[in-house]
Amino acid sequence: MEETPTKSLNFIEQFIEEDLENGSYSHLHTRFPPEPNGYLHIGHSKSICLNFGLAKKYGGKCNLRFDDTNPSKENVEYVESIKEDIRWLGFEWDNLQHASDYFDQLYEFAVNLIKEGKAYVCELTPEEMAEHRGVPTSPGKESPFRNRSVEENLDLFERMKNGEFPNGSKTLRAKIDMTSPNMHLRDPVIYRIQKSHHYRTGDKWCIYPMYDMAHGTGDSIEGITHSICTLEFEVHRPLYEWLNNSIWPEKKGLPRQIEFARLNLNYTIMSKRKLLELVQEGHVSGWDDPRMPTISALRRRGYTPESIRNFCERVGVAKREHVLDVSLLEFSVREHLNKVSERRMAVLNPLKVVITNYPENQEEELEAINNPEDESAGKRKISFSREIFIERSDFMEDPPKKFFRLGPGREVRLRYAYYITCEETIKNENGEIIELRCTYDPETKGGQAPDGRKVKGTLHWVSASHAVEADVRLYDRLFRDENPAGKEDFKDSLNPDSIKILQRCKLEPSLKSAKAGARFQFERLGYFCVDKDSSEEKLIFNRTVTLRDTWAKIAAKQ
RNA sequence: UGUCCUGUGGUGUAAUUGGCAACACAUCAGAUUUUGGUUCUGAAAUUCAAGGUUCGAGUCCUUGCAGGACAACCA
């Protein structure tokens, strides 16, 4: 009688279960609160999986709330992309909210804080304010505007709202403690004047709440129980609680903020600001350029939602900061794609092979397995003829020791077809091999020799007359350094070979009608996906990831 | 010379809360293979340090050390 091993809880799940057991909360309600100022990336997927996953696990709810309190950087394009990406990942929110839904309430809360003497209008310039704030290691000093009368504050704040003052001339600050060792408690700004057009509220507001003012209150308004965020907000927690407790002194079950370590990947940049820079300066074709770490880019590249969810599951949740190896992400896609994608044959760098003893004008259909991992995927027919293409890298004139592929006088198997032996190499005037002359053994049809002789190598191939052509885009890491963000300028680390476009690749004809987004394994090469710009006239494939390549390792060592 | 957070194989994450340090990725070796894929087997490799409590410490205590966060009218 084996006990089924129960999966251990991460620290957030432990908190939640304790909170549920001791009655601090009767249920679970989380939220995912992106700012619509950029596209979601792989790091966000961890937070999405966590928040939506927790809600699902504990029978609770999860809201999607756009933290849209800074109209100068936000827009609807981002809003729409975020919704699409979350749904694509396989999650659906219970309520769709916006911080801007609460602007009226937030204004009232601010007025109440003023009335209670907990907030004041300050006229310090940013420089003066910084000076008054002090530094983390020594206390700050109070603003000269700190002790205005409630009436004056009320009047000024209303006039701020009415647009009577220029941008930056005044702020509303919470009155907390200028000597606190926590900088965020040194009278933080909770409202600023910003006369910009908001994509939802238009020109209604001249003042906008700051993150801290909007975030915790939004959580409380929505009845969020557990407000899960990344580590950098840990120092905000006292302010989060101060604000909530000040606004709702009587309220029970105010949300609990819990922080976890954000996901970092080596060779990758995760900052939205830097990703925007890559887009704006044209280093990539857009937010969904398949080299980007954004969810839309991973989708375009051929990643599956399952693989990303599995990846996030494997990564785990903790407070320790870390840098993950991208190989774990790659493993996760390969693992899933191996199970679900149909196999096809495609020759990326073609080398023509003429099978001299195969009758001209003859062709035949051979049977190929669509997916050895899934019998229900069935079989298909592939055409064979006298002239075929094989991969250039599958032939070597002077092969090294462990090379199992084709060479002068060597015999290999053509997958699902015949054994062939290389008899002659044809070169051009530059001495480059342009064609191989081979003979085939008619007895080996299907790939087995009746006399039982074995060959070490099996090559993929495509019949020359039947092949369809395509562009194939090979991607490599966007950055050469493990930690590009650590460079003086991260763009110095850009990999000049991050994309390689192969033209006139030879593909099995069945690929001609493949629709955008369709994924295949090209045998012996990797997983590929039809790009959104592809058409029947102009086929374009993106390489999602290569297959594990043991030979490449051996070859690299030699 | 502040406050807070974090230290477990190369990389992540666990350890029934004081009882033989495990799982995954990566690495290496072997088997299987009509994909040098998949699959299977095996190997190497881990508790920041020093004291203390205890029969017993990754876990508790003390003192160090290391890394990170915080000084936007960004989120």
Side-chain angles (χ1 to χ4, degrees), chain A residues 3 5-10 14 33-35 37 67 69-70 72-74 122 124-126 129-131 133-140 167-173 180-186 188-194 207-208 210-212 214-215 229 231-238 259 261 263 266 272-273 313-325 327-332 334-335 338-339 343 345 368-369 372-373 402-405 413-417 446-448 454-460 521-526 546-555:
Chain A
E3 254 185 67
T6 50
K7 203 178 167 305
S8 57
L9 303 176
N10 65 49
Q14 287 179 25
E35 182 190 10
N37 67 343
D67 225 324
T69 57
N70 185 4
S72 66
K73 290 185 177 172
E74 300 155 2
C122 183
L124 253 24
T125 65
M129 201 183 287
E131 190 211 321
R133 191 158 29 226
V135 291
T137 50
S138 63
N167 284 350
S169 60
K170 291 179 176 53
T171 58
L172 183 72
R173 294 227 255 165
S180 171
N182 183 333
M183 297 297 284
H184 296 276
L185 260 20
R186 321 246 265 226
V189 173
I190 55 177
Y191 259 97
R192 83 290 212 172
I193 300 172
Q194 190 184 130
I207 55 173
Y208 290 94
M210 299 290 291
Y211 164 83
D212 293 289
H215 196 87
C229 61
L231 247 31
E232 68 266 32
F233 294 103
E234 200 154 32
V235 283
H236 290 243
R237 196 187 331 137
E259 311 86 12
L263 184 149
N266 57 13
K272 275 198 275 185
R273 200 206 87 229
E313 186 62 36
R314 277 193 182 91
V315 166
V317 181
K319 293 194 74 163
R320 186 178 355 168
E321 295 184 65
H322 59 261
V323 182
L324 275 157
D325 199 307
S327 65
L328 186 63
L329 214 210
E330 293 178 347
F331 168 81
S332 299
R334 287 195 187 104
E335 180 191 44
N338 175 51
K339 291 275 186 296
R343 318 283 127 127
M345 291 206 282
I369 294 165
E373 305 290 321
K402 289 184 180 167
F403 190 82
F404 303 150
R405 284 109 98 144
R413 171 168 40 233
L414 293 177
R415 177 135 230 222
Y416 299 126
Q448 262 163 342
K454 302 283 186 205
V455 288
K456 286 273 251 191
T458 300
L459 311 189
H460 61 279
Q521 181 195 103
F522 290 173
E523 295 218 20
R524 304 210 301 137
L525 296 174
T546 61
L547 252 28
R548 233 182 101 220
D549 192 349
T550 310
W551 165 243
K553 277 183 203 164
I554 297 168

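Convention: sequence-line order gives letters A, B, ...; per-chain numbering from 1.
A:Arg273 comes within contact range of no nucleotide atom at all, as no heavy-atom separation falls under 4.0 Å. Within 4.0 Å of A:Pro238, counting heavy atoms only, lies no atom of the nucleic acid at all.
The salt bridge (Lys or Arg N to Asp or Glu O under 4.0 Å) search around A:Arg548 returns none, not counting sequence neighbours.
In terms of polar N and O atoms assigned as donor or acceptor, the side chain of A:Glu232 never comes within less than 3.5 Å of the base of B:G68 in a complementary pairing. Contact of A:His184 with B:A72 (side chain to base): no donor-acceptor pair of N or O atoms is detected under 3.5 Å. The base of B:G37 is not paired with the side chain of A:Arg334 by any donor and acceptor separated by under 3.5 Å.
Checked against B:C4, B:A75, B:U3, the side chain of A:Pro181 finds its nearest nucleotide in B:U3. Listed nucleotides B:G2, B:A24, B:C70 differ in distance to A:Leu328; the shortest reach to its side chain belongs to B:A24. Closest to the side chain of A:Glu35, out of B:C5, B:A75, B:G36, is B:A75. Closest contact between the side chain of A:Ser327 and the listed nucleotides B:C25, B:G36, B:U35 involves B:C25.
Taking 4.0 Å as the cut-off between side-chain N and carboxylate O, A:Lys319 and A:Glu234 count as a salt-bridged pair.
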(request) Heavy atoms under 4.0 Å is the rule here; annotate nucleotides 13-21 of chain B 5' to 3' with B where the base is hit, S where only the sugar-phosphate is, and - elsewhere. (result) SSS-B----
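If you take atom C1' in B:A45 and the same atom in B:A26, they sit 12 Å apart, rounded to whole Å.
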